[in-house]
Amino acid sequence: MNTSADLDFATTGFVHEKVDPKMDLFEEIRRLKVKKNAVILAHFYQDSDIQDVADYIGDSLGLAQQAEKTKADLIVFAGVHFMAETARLLNPNKKVVMPDFRAGCSLADSCPPADFKRFKEAHPNHLVISYINCQAAIKALSDIICTSSNAVQIVNSIPKETPIIFAPDKNLGAYVAKKTGRDLVLWNGSCMVHEIFSQQKIAQLKIRNPDAVIIAHPECEEAVLKMAEFIGSTTALLKFTKENKAHAFIVATESGILHQMQKDSPNKTFIPAPPDNNCACNDCPHMKLNTLEKLYLCMKHEKPEVLIQDDIREDALRPLKRMLEISKQLGL
Ligand code: 13P
Ligand code: SF4
C-alpha cells in the first residue's frame, strides 16, 4: 500500500531541500551511486544532463529488461511513473525511487482502471494486450504487455482466431493492426506529445530539406506515420539514424532523443518535427519534470519511493513477465 508520505509526494513531487549551487552534481551523483550500490536507468526523453549521468539509457523495453536483471540495491528511475512502477513490479524487494513523483503520462492517464474494466467486460473472450504506458492497475487487467518495439511481434504471437483488445494507445494500436492485418479492438487513448505533430508543417519542412529522411514513433497519428520513411521505438529510431546513409533527419518524436542521435552521429543534422501550435518544442512535460538536482535529492534521501498496491502486484507482474519471456524467445 502507498504510505501517506508517498501520497504526499503525489502533490509535492520531490524532497524540497536547498542544494548548494556550487556543488558538482555529476560528481555527487556518482559518489552516491557507489555508496548506495545504485543504478540510474533513464529514458531517451530525459534531459541531456540526466542521460549523461545514467548507467543505462533506453526505450521502455530496454529499461524493463535492465530493471529485471539489475544487481543494484537502489534503482533510480529517471523517466515517468509507469516506467518506475514497472521496475518496482520486477523488483518487489528493492527500493525504486524517481526524481519527481508527479512525472506521469497523458497516455497512461487516458485509461482509468474502472472504465477499462467495463470496456473489457463489454468485450468478453478477448485477449487484452496493453501497451506498457499504462498504470499497474491496467496491467493487472491485461494478458500481455507490449512496448513500441515488440507490439507487432506480440500480436503476431497470438493465434489468428483470438480476438484482441489493444489498449491504451489508439495510434499505436492502429499501426499494429495495419502491420499485422488483425482487427484489434482499440481503447481510445493517446499521447499528448505524439498527437501534436503537424502534417502540414512536416510537409513544408521536407520541401525545404528534400534530402532529410522523415522518421516517426508509432504513437504518432496515421497521417504523420504515412509521411515517415521509417517508424520505430526510440531505440529503433536511434539505430536507424546511426546506420542510414542520409545526412539529415526530420524526427517525429519527443525532442530528448535528439541528444543521443547527435552524440552517435555528430556529423548528421536532426530536425525536430514541428508541432501543431506555436511552441517550438516537442517536450513531454512529464518527462521534463525530472532535473539533475531532483535526481541528486532522490538518491540522497531515497525518496520519493515507488510502491505498488498489494492487491494488484501479482496480476500486474504476470503479463509483464509474459512480454519479457516472448521478447527473449524472439531475441528482442
Ligand atoms: P519507447 O521509448 O518505448 O519507444 O516509448 C516512447 C514513449 O512515449 C515513452 O513514454
Ligand atoms: Fe507519456 Fe507521451 Fe510523455 Fe511518453 S511522451 S511519457 S507517452 S505523455
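Small disclaimer: the values here were computed from a predicted structure and weren't measured. Indexing begins at 1, ligand by ligand and atom by atom, following the structure's order.
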If you count the atoms of ligand 2 from 1 in the order shown, which ones are under 4.0 Å from a heavy atom of Tyr45? 5 (S)
Judged by modelled atom types alone, do Asn282 and His194 share a side-chain donor-acceptor pair under 3.5 Å? no
Is it the case that the side chains of Glu219 and Tyr131 hold a donor-acceptor pair, with the cut-off being a distance below 3.5 Å and no angle test? yes
How many angstroms lie between atom OG1 of Thr147 and atom CE of Met323, to the nearest 0.5 angstrom? 6.0 Å
Within a radius of less than 6.0 Å around NZ of Lys226, do more than 12 heavy atoms belonging to other residues, nucleotides or ligands occur? no
Ionic contact status for Glu254 with Lys288, cut-off 4.0 Å: yes
Test item: side-chain donor near acceptor, Ser142 and Ser130, under 3.5 Å: yes
If every non-hydrogen atom of Leu90 is compared with every non-hydrogen atom of Ala64, which pair is closest and at what distance? CD1-O, 3.5 Å
Metal site atom 2 (Fe) of ligand 2, protein N/O/S atoms found under 2.8 Å: 1
Ligand 1 N/O to protein N/O, distances under 3.5 Å:
| unit_1 | atom_1 | unit_2 | atom_2 | d |
| --- | --- | --- | --- | --- |
| ligand 1 | 2 (O) | His43 | NE2 | 2.6 |
| ligand 1 | 2 (O) | Thr234 | OG1 | 2.6 |
| ligand 1 | 3 (O) | Ser60 | N | 3.1 |
| ligand 1 | 3 (O) | Ser60 | OG | 3.0 |
| ligand 1 | 3 (O) | Ser148 | OG | 3.4 |
| ligand 1 | 4 (O) | Ser148 | OG | 2.9 |
| ligand 1 | 4 (O) | His217 | NE2 | 2.7 |
| ligand 1 | 4 (O) | Thr234 | N | 3.0 |
| ligand 1 | 4 (O) | Thr234 | OG1 | 3.4 |
| ligand 1 | 5 (O) | His217 | NE2 | 3.4 |
| ligand 1 | 8 (O) | Glu219 | OE1 | 3.4 |
| ligand 1 | 8 (O) | Glu219 | OE2 | 3.0 |
| ligand 1 | 10 (O) | Asn133 | ND2 | 3.3 |

How about Lys303: does its NZ atom have over 12 heavy atoms from other parts shown lying under 6.0 Å from it? no
Short side-chain donor-acceptor distance under 3.5 Å, Gln46 and Asn290: yes
